[in-house]
Amino acid sequence: GKVVEAARDGKGNTVLLLNNYGKGCVLLFTAPKLSAFSPEGKNQFVSDILKKVCSYKPLPVDISPGRTDIAFTLSKSGDKEAVVFAMNHGEKDWSGEIIINLKEAGLSPEATGMVTVKAGKGYETKEVVPQIKRDSDNLIVSGITLSGDTDDFCSYRQASFAYIRLCGK
């Protein structure tokens, strides 16, 4: 796709590039300083960009119970394979359901042929055996706990995460 300069800083330096890719787009923040900000979205510029991007078309993924300190995203290749990544940036543990709307995600029901889950914190991961349910267009994955971080700064090395892989047979 064509790369477009989407934003410049006060000195005229490019700080955000947009590259159309398939039916979506990739955003690349180019300023090295942006990577130094805490992962909790406290930088107003980054927050504004992400809010605009995420409100354009909602992700076909949700969590229940919902919490603002649980971040998640979906990546897919074709209609039979996808990955959901969820991360707890908060102090309290989270347990609940991760709900994937297969139809909105452009995934066929065959994508649920094999569901694997790994969860971890830092560099340690373990296989999790989730409970899987189907509800009309939704795949509901439960049995995952994302532990909280009671330190003052929740870095990516300390945050608890889950990796859910859907793979059709």
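Note that the numbering runs from 1 along the sequence shown for the chain.
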Other residues, nucleotides, ligands: >12 heavy atoms within 6.0 Å of Glu124 CD = no
Between the main-chain N or O of Pro65 and the side-chain N or O of Trp94, is there a donor-acceptor pair closer than 3.5 Å?
-> yes
Does Asn101 reach the main-chain N or O of Glu104 with its side chain, forming a donor-acceptor pair under 3.5 Å?
-> yes
side-chain contact (heavy atoms from CB on, under 4.5 Å) involving [X] - partner list, sequence neighbours excluded:
X: Asp79; answer: Ser108
X: Lys92; answer: Arg67
X: Pro130; answer: Val117, Ile132, Val141
X: Leu28; answer: Leu17, Thr30

State which residues pass ring pair (Phe, Tyr, Trp, His ring centres under 6.0 Å) with Phe85; sequence neighbours excluded, sorted by chain then number.
-> Phe161
So, using side-chain hydrogen bond (donor to acceptor under 3.5 Å, both in side chains) as the criterion, who are the partners of [X] when residues are at least two apart?
X: Asn13; answer: Asp9
X: Thr116; answer: none
X: Glu110; answer: none
X: Arg134; answer: none

Going by distance alone, is a donor N or O of one side chain under 3.5 Å from an acceptor N or O of the other, for Thr14 and Glu5?
-> yes
Linking directly or through intermediates, with side-chain heavy atoms under 4.5 Å: list the remaining ILVMFWY members grouped with Ile140, chain and number order.
-> Ile99
Decide whether Val83 and Met114 are clustered together by the hydrophobic rule: side chain heavy atoms of Ile, Leu, Val, Met, Phe, Trp, Tyr closer than 4.5 Å, transitively.
-> no
